Amino acid sequence: MAEYDLVIRGGTVVDGTRLPAFKADVAVAQGRIARISGTIAGRGKRELDASGCIVAPGAVDLHTHYDAQLNWDPYCTLSGWHGVTTLTIGQCGFGFAPCRPEDRDLNMRMMNRIEAIPYDSMVKGMRWDWITFPEYLDSLERQGLGVNVASLFPYSPLRAWVLGARAARERTSVTAAELAQLRALFREGMAAGAFGFSADRNLIDRPEDGSFLPTQVASREEFLALAEVLREFGVGHIGWTIPAEGLDGVRDPLANELMAASGRPFHWGAVVNLDSYPGIWQAQLEWLEDMHRQGYPMYGQVVCMGIDTRFTLAEYNLFDDMPGWVQPLVGTAAERAAKLRRREVRAAMKHDLDECMTTGFHKNWEKVKVLASAEPRNARFDGWSVARLAAEQRKHPLDAFLDLALDEALRTEFALTDFFSGDEEVLAKLIAHPYTHISVSDGGAHTRFAVIATWPTHFLAHWVRDKGLMSLEDAHYKISALPAWIAGFRDRGLLREGFGADAIVYEPERLGFVYEKPVFADDFPGGERRIIQKARGYRYTIVNGTVTFEDGGCTGALPGKLLRSGA
């Protein structure tokens with residue numbers, strides 16, 4: 001009779017603690033690691049050959065937006081394809097609970113605008129068998145999961161519930177009664193299993209009408225009230241999305257207050273290298289170091305790769321940190337086109353190019369490429385930068401950019417290369433810093449624009465194997481144990497007896513991507529397309545002791561758990 005449910009044999013174990021790697025077998029019983037030892041005599045109901053492989057904890061991703069996609073994709077792909085076994089949703093203050101039935105459409109339109117989740121897919125794919133936040137967690141638990149999922153309590157829908165969906169975007173303060181209700185609902189959410197709360201203060205993120213998010217206008221006293229409730233529970237963290245320019249020599253005192261009030265880790269995004277803010281990454285790292293000297297557990301999120309986005313002006317929104325660009329890029333393709341033809345609109349957009357310090361784009365038209373024209377008459381421009389196009393046509397770059405798009409009913413596909421600077425020398429310093437965590441996958445968001453959720457594969461293959469940036473021991477601590485601690489997961493992120501049996505078994509030399517470049521798949525509800533990249537080199541992905549992916553193929557098993565902070 002088999003003594004264990006699963007035994008992983010003959011691999012090199014990197015357990016996430018930073019202890020030196022060692023040869024060992026790993027045995028699993030009832031979803032948990034039962035034994036790790038050189039040679040395990042007992043047999044398993046299933047035995048996996050890990051010879052020539054690394055056996056390590058699954059990656060933990062603390063910045064995703066799978067809140068909608070989980071309704072139709074329990075594996076949270078792309079993340080599930082790339083070794084992620086545990087992730088958090090409810091980031092940036094965004095989510096779908098609590099939400100009254102009459103506010104559902106507005107919420108979906110907001111998420112379509114900000115996170116570029118296809119609206120038709122949400123309409124066709126979301127169950128909406130919940131209203132409150134605890135009911136949403138219960139819905140996820142009922143559906144079956146291919147990864148472990150934890151949720152922060154997103155503050156935008158919470159504020160919208162108490163103040164009203166529209167008023168929450170406008171009012172900058174709350175009454176004493178409303179504050180008490182906010183506290184009570186957050187307390188209820190924490191009791192149901194939330195791992196803290198999240199907010200977005202970054203003005204590049206605007207809802208469907210171009211106005212402000214509830215978290216962008218909320219008062220200091222509201223956030224401190226939530227932090228005080230978080231202290232009562234003693235678990236979880238604060239997820240915070242802030243504008244990069246706010247850290248350019250100016251440190252956010254609210255962060256100190258929130259950590260002092262909550263006693264919990266503060267996890268913010270993102271530490272970045274920007275052309276428009278030379279040296280900002282150094283100021284950000286200095287801020288992290290100063291906070292730790294003061295005893296505050298603050299961690300910055302970093303992206304471990306250069307980011308290229310591909311887009312059409314019919315739906316793109318990541319120019320919203322320029323005020324004059326917001327309204328022209330709100331609405332349907334026809335509505336946008338009408339506005340983009342107006343002389344006064346273009347004048348305002350050109351003014352912002354000169355006056356605004358933007359996040360991913362700062363008058364560098366060499367970074368904006370014509371990826372694919374929609375009309376044969378324009379095919380010769382494919383691969384050109386907008387700078388080249390403007391020089392050829394003797395136009396202002398903005399006019400060349402917009403005129404081409406308008407000539408093709410905004411169907412021209414552009415690429416914004418190096419959205420955050422991909423300078424590898426700087427990236428290496430950001431990734432290796434002790435107070436940063438590799439995150440900001442934005443998995444489930446920007447589904448037609450970018451594939452950042454491939455980060456575990458890129459990190460392990462490029463930075464660890466090829467570049468030797470850090471040891472395997474440090475690498476798996478960085479992507480598993482550290483984020484699990486930040487989030488407040490008590491039994492995840494390590495290969496340790498008694499912990500949840502979440503693991504990846506991979507061949508280091510084979511690790512990489514299936515496609516030379518990302519490709520499109522029409523696999524969202526309604527046939528909506530998204531851009532994808534699959535992984536190679538993972539022999540097995542294991543969630544709670546059950547294989548979910550084997551040599552890249554999905555097994556169909558749904559062993560994931562809805563993680564609850566009080567469990």
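What you see is a predicted model; the values in this text were computed from it and never measured.
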* Asked: Is the distance between the ring centroids of Y506 and H476 under 6.0 Å?
  -> yes
* **Side-chain heavy atoms of W128 within contact of M108, under 4.5 Å** => yes
* Separation of F197 CZ from T215 OG1 (nearest 0.5 Å) -> 11.0 Å
* Asked: Can you check whether Q533 reaches V514 side chain to side chain, under 4.5 Å on heavy atoms?
  -> yes
* Salt bridge present between D252 and R201 (N-O < 4.0 angstrom) -> no
* To do: Assign the ring pair F489 / F195 to parallel, tilted or perpendicular, where the plane angle (0 to 90°) is split at 30° and 60°.
  => perpendicular
* Asked: If we ignore angles and hydrogens, is there a donor and acceptor under 3.5 Å between the side chains of S211 and R206?
  -> no
* If we only count heavy atoms from C-beta on, is the P265 to W485 side-chain gap below 4.5 Å? -> yes
* Structure fact -> The side chain to side chain contact (heavy atoms under 4.5 Å, CB included) partner of Y540 among V547, I504, T555 is V547
* Asked: For Y299 and T436, does a side-chain donor sit closer than 3.5 Å to a side-chain acceptor?
  -> no
* Structure fact -> In this structure, CG of D442 is separated from SG of C92 (nearest 0.5 Å) by 6.5 Å
* Asked: Taking the side chain from D67 and the backbone from G90, do they hold a donor-acceptor pair closer than 3.5 Å?
  -> yes
* CA sep, side-chain torsions, deciding dist, call: E222, L182, side chain to side chain contact (heavy atoms under 4.5 Å, CB included) -> CA-CA 8 Å; E222 296 169 53; L182 290 166; 4.2 Å; yes
* Asked: Should the pair E257-R220 be classified as a salt bridge under the 4.0 Å nitrogen-to-oxygen rule?
  -> yes
* Asked: With under 30° as parallel and over 60° as perpendicular, where do the rings of W240 and F266 fit, or are they tilted in between?
  -> tilted
* **F319 and Y316 aromatic ring geometry - parallel, tilted or perpendicular at 30°/60° bounds** => perpendicular
* Report yes or no: is the cationic atom of R529 (NZ for Lys, CZ for Arg) closer than 6.0 Å to the six-membered ring centre of F520, at no more than 45° off its axis? => yes
* Ion pair check, D308 and K517, cut-off under 4.0 Å -> no
* Asked: Are W268 and W287 close enough that their ring centers fall under 6.0 Å?
  -> yes
* Compute both the distance and the angle, then confirm whether R100 meets the cation-pi test with W161: under 6.0 Å from the six-membered ring centre, within 45 degrees of the axis. => yes
* To do: May I ask you to decide if S565's main-chain N or O and R490's side chain share a donor-acceptor pair within less than 3.5 Å?
  => yes
* Charged N to carboxylate O below 4.0 Å: is that the case for R448 and E528? -> yes
* To do: Answer yes or no: is there a donor N or O on one side and an acceptor on the other, between the side chain of T88 and the main chain of S151, under 3.5 Å?
  => no
* To do: Taking the side chain as every heavy atom from C-beta outward, state whether H437 and K478 have any atom pair closer than 4.5 Å.
  => no
* Salt-bridge test for R32 and D491: reply yes if a basic N is under 4.0 Å from a carboxylate O, no otherwise. => yes
* To do: Report yes or no: is the cationic atom of R109 (NZ for Lys, CZ for Arg) closer than 6.0 Å to the six-membered ring centre of Y119, at no more than 45° off its axis?
  => yes
* Report yes or no: is the cationic atom of R183 (NZ for Lys, CZ for Arg) under 6.0 Å from the centre of the six-membered ring of F186, at an angle within 45° of the ring normal? => no
* With a 6.0 Å cut-off on ring centres, are F96 and Y136 close enough? -> no
* **Salt bridge present between R166 and E208 (N-O < 4.0 angstrom)** => yes
* Asked: Does the distance from a Lys or Arg side-chain N to an Asp or Glu carboxylate O, for R142 and D129, drop under 4.0 Å?
  -> yes
